[in-house]
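Before any comments, here is the structure.
Just so we're on the same page: letters track the sequence lines, and every chain starts at 1.
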Amino acid sequence: MPYATHSGEERSAMLDTVGVADPDDLFDIPESVRFDGDYGIEAHSERATKAAVEGILDESPALSEFLGGGHYDHYVPSVVDHLSLRSEFLTSYTQYQPEVDQGFLQALFEFQSLVSELTGLDVANCSMYDRSTAVGEAILLADRVRATDGDEVLVPESLPDRVRSVLENYADGPDIVIDTYPTAAGTVDVDGLADRIDADTSMVYAATPNARGLLEPDLDAVGDLADDHDALFCVGSDAVALGLLEPPAAYGADVVVGDASVLGLPTTYGMGLGLFACREEFLRQVPGRLVGAGTDDAGKRAYTLTLQTREQHIRRERATSNICTNQAWLALRAAIHAAWLGPDGLVDLAEECVTGIAEACERIDALDGFDAPVYDGHHFREALVDVDDPAGVVDHCRQAGIALRTVEDGSTERLAVCVTDTNREQVEELVDALAGYGGGA
Amino acid sequence: MSQEGRERTDGDSGESATGGDATYEQARWAAGETYEPLLIEKDATSVSVDSSLPDELTRDELELPDLREPEVARHYTRLSQMNYGVESGPIPLGSCTMKYNPKFTEDVAAHRGNRVHPLRADDDKQGILRLLYELQETLATIGGMDAVTLQPPAGAAGEFTGIQVAKAYHEANGEDRSEVIVPESAHGTNFASAAMAGYDVVELPSNEDGRVEVDALEAAVGPETALLMLTNPNTLGLFERSIEEIADIVHDAGGLLYYDGANLNSLLGKARPGDMGFDIMHFNLHKTFATPHGGGGPGQGPIGVRSDLAPFLPTPQVREGKDGYDTYGPDHSIGRVHEFVGNWLVLVKAYAYILRHGDEGLENVSETAVLNANYLAERIEYDVPYGPFHHEFVASADADAADVAKGMLDHGVHPPTTKWPEIVDEALMTEPTETESKARLDDLAAAFNAVAATDPEELAETPTTTTARRIDQASAARNPVLSWHALE
C-alpha cells in the first residue's frame with residue numbers, strides 16, 4: 001500500500017531486529033478472539049476510489065438552496081483553501097510541544113482575539129464542535145458557577161428541536177431541567193420571560209439572530225432579568241452577524257456561544273465551528289482549549305496551550321469538559337477568512353445578510369398569496385413566509401431546482417427562506433418559481 | 001531492551017553520533033524581529049459601522065487588521081513554516097495515531113457533491129445518504145458491531161454518546177446504575193465523559209503486567225456498574241489477553257463493556273471489538289482512517305453498538321429502502337449529540353481511505369503499525385517495561401521526560417507523548433504509526449539514543465534550534481493572556 005510502505009528487504013531486517021518471522025506473530029491476541037473472516041472491501045486504485053466516491057456524491061442533485069436554519073453558506077475566498085491546506089497546518093497534531101508549533105498556536109490566539117473583539121468578552125476558547133454543543137457547554141458552565149440551588153435553564157420556545165435535543169443530552173448528567181419561555185411576534189416576550197424566571201433558573205439563553213431570522217430588539221431587558229435572578233445570561237449568535245451587531249457584553253451577556261463556521265467553511269452538510277466566550281470571572285471554568293501568550297527562555301513572546309489543569313488529560317473526571325480534539329483547523333480557516341475580509345469586509349458581508357433577505361421578502365410579498373416576512377422587525381439572512389399549503393410550495397419549487405423548507409411556527413406551518421451572498425443572485429429564480437405556484441393555485 | 005537491539009550497524013541507517021538523518025528545520029525568528037507580528041500589530045483599523053439597521057442594534061465600531069491578500073497570505077505561510085507537521089517529519093505522539101494523510105482525500109472532500117445543505121429533503125440528498133449508509137455499514141463490519149451512528153463530532157463526543165446510549169438502555173430495563181469503571185491507564189476523556197454523563201467514576205488499578213487486574217475488577221463490579229470502559233490494546237500498547245473473562249465479569253454483573261477505539265489501528269483485519277464481547281465502541285476516524293487532525297481537529301467519533309442497544313442510538317439514522325435511502329429516528333433514541341451529522345468532510349475522507357485500502361490494505365496497516373512500534377522499541381536505549389507491544393510502547397526516561405522531549409526537538413524530530421500514563425516513571429509514550437519508513441524509524445531511534453547520552457544539564461537548556469526557546473508554561477498559566485486585546 002502506498003502509505004504504509006517497507007520494501008521486502010527492510011521488512012525482513014525489521015523482523016530480524018524484533019526477532020519474529022512474520023508480523024502476524026507480533027499480535028498478542030488469543031486465538032478465540034482472532035478475526036478469521038474478511039470485511040469484504042475491495043481495494044481501489046487512487047483514480048478508481050476518486051471516481052467511486054465522486055460518483056456517489058453526484059447522486060445528490062444540484063439545487064439552488066434557500067435553507068439556512070443553522071447552517072449557512074457564504075463565499076469562501078480561495079486563499080482560505082490554499083493556506084489552510086498547507087501540510088504543516090493540516091496534519092500537525094495538538095500543540096503539546098509549543099516550541100515547534102508556534103505557527104498554529106499564534107493562529108489560534110488570533111482566532112481567540114477575533115472572537116473577543118466580536119463578543120466584547122475577555123475570554124474566548126479556540127473552538128467547540130458547533131453552536132448546539134457550545135450552548136450545551138454553557139449550560140454545564142452555568143451549573144458549575146451557579147451551583148447554589150438553580151437547576152433550570154430557560155430557552156426560547158422557538159429554539160429548533162435539533163438544538164434542544166443536543167441540550168437535553170448535555171443537561172442529563174447533572175439533572176438540569178430545560179424549560180422554555182414564550183416569544184411574541186417572533187422575538188423574546190420579556191413579560192413572559194419575567195413570569196418564568198425564578199430562583200431555580202441557572203441560565204437564560206437568547207439568540208440573535210433568532211430561529212425566526214429576527215434580530216432581538218430588547219436583549220438589554222433579558223440581561224437585566226437574568227441578572228436580577230443571579231442567572232447566567234447566554235447569548236447565541238454567529239461570527240458574521242456579530243461583525244455588525246452590538247457586542248453582547250455591552251448588554252450584559254456572561255457567555256456568548258454560536259457558530260463561526262459562517263467564516264471559512266462553505267456548505268458541508270452541517271459541519272460547525274462552535275464559538276465560546278465568557279467573562280473573565282469564569283476563566284478557570286471554561287471548557288475546551290485555550291491558547292495563551294507568554295515568553296520563552298530568551299524572553300521573547302511565545303504562545304502555548306494554557307490553563308490545562310482544567311482539561312481532561314490532567315484533571316480527568318473533574319475536568320471542565322471532555323473536549324480533547326476540537327475544531328482547530330476550522331478555527332484557522334475562519335481566522336484566515338476574517339483576515340482577508342478585514343473590518344470593512346466583515347461589516348459589508350453582514351450588511352448584505354440584512355439587505356439580501358429584506359429585498360427577497362419585499363419581492364415575495366408582492367406575489368399573490370404570499371406574505372413576507374411574517375413578523376415585522378429586522379431580519380438577518382432568514383425570514384418566515386406565510387402561504388397556503390407551504391409543503392405544496394416546497395414540492396413545486398423542487399421541480400424548478402430550488403430547495404426550500406417549512407418550519408412549524410407555533411401551530412402554523414410556514415415557509416422559511418434564507419438569503420446570503422452566495423444565493424442572492426438566485427432570488428430571481430426563487431421569485432419566479434413562487435410566482436408560478438401562485439398562478440396555479 | 002535486548003542486547004541485539006543495541007547492536008546495529010550505523011552504516012545501514014545513516015545515523016550520526018548526534019542524531020539521525022532527520023532534516024527538519026524550524027523557521028526561526030527573522031533577524032531583527034522578536035516574533036512574527038500578530039496581524040493586529042501589522043495593521044489595526046477601527047471602522048465605524050454604518051448599517052441600514054437602527055443604531056441601538058449595531059456596534060459603533062469594529063477593530064480588526066485591514067491588510068490586502070498578499071500580506072495575509074505571507075502571514076499564514078510564515079506561520080505554517082513555524083509549525084511542525086507530519087510532512088515535516090515523524091510525530092510519534094502515543095495514543096494520537098498521527099500519520100501521513102493521503103492527498104487525494106482532500107480532492108474528494110473538495111468535490112461539488114459535498115456542498116449539500118443538511119436540511120434538504122432526503123430525496124434531494126441521496127448521494128450524501130448513500131455514503132453515510134455505506135460507511136455506517138462498513139464500520140459495523142470492521143468493529144463487529146450490529147449498528148453504527150456517525151453523528152458524534154469527536155472521539156470524546158463518541159464516548160459521551162455511547163455512555164448516554166448505555167444509560168438509556170439501563171433505564172429502559174428499569175435499572176438506575178451509578179458507576180462507570182475506568183482503568184487508571186485509560187485516556188482522560190473516558191473519565192471526563194463518564195462524569196459529564198453524571199456517573200461516579202471508579203478507577204481500576206493495573207496489574208504488574210500493565211493490564212487490567214482481574215481480581216480488582218471482580219471486586220469493583222456490582223449492581224451499580226453501568227459500564228466498564230477499556231482501550232484494547234491499552235495505552236501501554238498491551239493487549240488485554242483476559243478480555244473474554246473481563247467481558248463475562250462485567251456482563252454477569254449486568255454491566256456493559258465499552259471499547260475506546262483510539263487504538264483500533266492495531267487490530268484492523270486481526271480482531272474485532274464485537275467479537276471480544278464489547279457492547280459499545282467508538283471509532284476515531286481521524287486517527288484510524290487518516291483524516292488530518294488539523295492541529296487538533298476536526299475529528300469524528302462514530303459509535304457502534306450491539307443490536308439490543310441500536311434502538312437508543314442518536315437520531316437521525318440512515319437506512320436503505322426500495323426507493324433509495326432515508327433518515328429516521330430509532331424508537332428509543334437519545335436524541336442528538338450534534339445539530340447535524342458532525343464533521344461531514346471527515347466522514348467522506350474516511351470512506352475514501354477505507355475504499356482505497358480494501359481488506360488487505362487495512363490488514364497491512366495494522367501489521368505495519370505493530371511492526372514499526374516493536375522495531376522502534378527494540379532500537380531505543382531507554383528502558384521499555386512491559387510487552388509484547390502492539391501499536392505503541394511506553395519507555396521510561398531516566399531523566400525528566402519533558403527535558404528528553406525538548407532535547408529530541410533539537411534532533412529534528414517530534415518527541416513522543418510525555419509523562420503519561422503515570423504508571424510508568426517519566427513516561428515516553430511512543431507510537432510511530434504505520435506510515436513511517438525504516439529510515440525514519442532509525443532517525444527516531446538515533447534521536448532518542450542521542451538524547452539518552454546527553455548530559456542532563458545540557459538537556460535542560462534545550463531546545464535551541466526551534467522557533468521559540470523553551471516556553472514558560474507555568475507563568476503563562478499564572479498570568480493568562482488570551483487575546484491581543486490583553487497584550488500591552
Side-chain angles (χ1 to χ4, degrees), chain A residues 1 4 10 14 18 23 26 28-29 33 38 41 43 49 53-54 57 59-60 65 67 83 86-88 90-94 99-100 102-104 113 116 129 132 165-166 173 267 269-270 292-294 296-298 300-302 304 306 312-313 316-317 319 322 325-329 339 342-343, chain B residues 47 62 64 66 72 76 79-80 82-87 98 113 115 117-119 125-127 153-154 156 188 191-193 195 197-198 201 239 276 292 294-297 299 335-336 339-340 344 352 356 358-359 361 367-368 370-371 374-375 434 438 466-471 476 481 483-484:
Chain A
M1 285 309 297
E10 285 166 340
M14 292 169 73
V18 176
L26 294 167
D28 183 28
I29 303 173
V33 295
D38 50 53
I41 308 164
T49 308
V53 179
E54 291 174 357
L57 294 172
E59 290 170 14
S60 304
E65 295 175 333
L67 293 165
L83 295 173
R86 289 180 65 90
S87 70
E88 301 92 334
L90 190 62
T91 67
S92 62
Y93 199 70
T94 305
E99 293 84 359
V100 289
Q102 285 299 298
F104 215 123
S113 305
S116 273
Y129 305 129
S132 70
S165 182
V166 175
T267 291
Y269 201 62
D296 71 359
D297 275 356
K300 291 177 180 166
R301 185 196 299 163
T304 182
T306 196
Q312 40 73 30
H313 57 286
R316 313 224 283 193
E317 72 267 29
N322 69 340
T325 297
N326 53 10
Q327 305 289 103
W329 186 66
Chain B
V47 301
L62 178 66
L64 289 175
D66 186 15
V72 172
Y76 286 100
L79 293 188
S80 76
M82 289 158 49
N83 221 57
Y84 188 110
V86 80
E87 286 166 36
M98 185 62 220
R115 303 282 298 274
H117 193 285
L119 296 179
K125 56 186 186 196
Q126 286 293 298
F191 298 85
S193 300
V201 180
F239 194 87
M276 298 176 205
R336 289 174 188 256
E339 192 168 342
F340 300 110
W344 162 258
R356 172 88 175 91
D359 280 18
E367 286 192 355
T368 309
V370 171
L371 175 61
N374 282 280
Y375 176 74
E434 71 274 12
K438 179 175 178 295
T466 48
T467 309
R469 294 293 298 264
R470 198 177 303 201
I471 292 161
V481 176
S483 76
W484 60 45

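With respect to chain B, the highest number of heavy-atom pairs below 4.5 Å among A:Val18, A:Val53, A:Val166 belongs to A:Val166. Looking only at heavy-atom pairs under 4.5 Å with chain B, the residue among A:Glu65, A:Arg316, A:His313 that has the most is A:Arg316. Among the candidates A:Ser116, A:Ala319, A:Ala298, the residue making the largest number of heavy-atom pairs closer than 4.5 Å to chain B is A:Ser116. Between chain A and the options B:Gly198, B:Gly188, B:Gly294, the largest number of non-hydrogen pairs under 4.5 Å is found for B:Gly294. Among B:Gly113, B:Gly296, B:Pro292, the residue making the largest number of heavy-atom pairs under 4.5 Å with chain A is B:Gly296. When each of B:Pro118, B:Ala195, B:Ala192 is checked for heavy-atom pairs under 4.5 Å with chain A, B:Pro118 comes out on top. Listed options B:Arg115, B:Gln126, B:Glu367, B:Met276 were ranked by heavy-atom pairs under 4.5 angstrom with chain A; first place goes to B:Arg115. Chain B forms more heavy-atom pairs under 4.5 Å with one residue of A:Ala328, A:Ala293, A:Ser132, A:Pro343 than with any other, namely A:Pro343. In terms of heavy-atom pairs under 4.5 angstrom with chain B, the leader among A:Tyr93, A:Tyr269, A:Trp329 is A:Tyr269. Among B:Gly295, B:Ala476, B:Ser193, the residue making the largest number of heavy-atom pairs under 4.5 Å with chain A is B:Gly295. No other option in B:Asp66, B:Val201, B:Leu62, B:Thr368 has as many heavy-atom pairs under 4.5 Å with chain A as B:Leu62. The greatest number of non-hydrogen atom pairs below 4.5 Å with chain B, out of A:Ala339, A:Gly294, A:Ser92, is found for A:Ser92.
Proximity to chain B is limited to the side chain of A:Thr306, based on heavy atoms less than 4.5 angstrom apart. In this structure, chain A has a heavy atom under 4.5 Å from the backbone of B:Ala197, while its side chain stays farther away. Both the backbone and the side chain of A:Glu54 come within less than 4.5 Å of a heavy atom in chain B. At a 4.5 Å heavy-atom cutoff, the contact between A:Leu83 and chain B is made by side-chain atoms alone.
Nearest heavy-atom pair across B:Asn83 and A:Phe104 is OD1-N, 2.9 Å. Contact detail for A:Ser165 and B:Arg336: the closest heavy-atom pair is OG-N, 2.8 Å. The minimum heavy-atom distance linking A:Asp38 with B:Asp359 is given by the pair CB-OD2, 2.8 Å.
A side-chain donor-acceptor contact under 3.5 Å links A:Ser113 to the backbone of B:Trp484. A side-chain donor-acceptor contact under 3.5 Å links A:Thr91 to the backbone of B:Val86.
For the atom pair CZ of B:Arg469 and NZ of A:Lys300, the computed distance is 9.5 Å after rounding to the nearest 0.5 Å. A distance of 4.5 Å separates CG of B:Asn374 from CG of A:Leu26, quoted to the nearest 0.5 Å.
Put simply, the side chain of B:Ile471 reaches to within 4.5 Å of the side chain of A:Gln102, judged on heavy atoms.
There is no side-chain donor-acceptor pair under 3.5 Å between B:Thr466 and A:Glu99.
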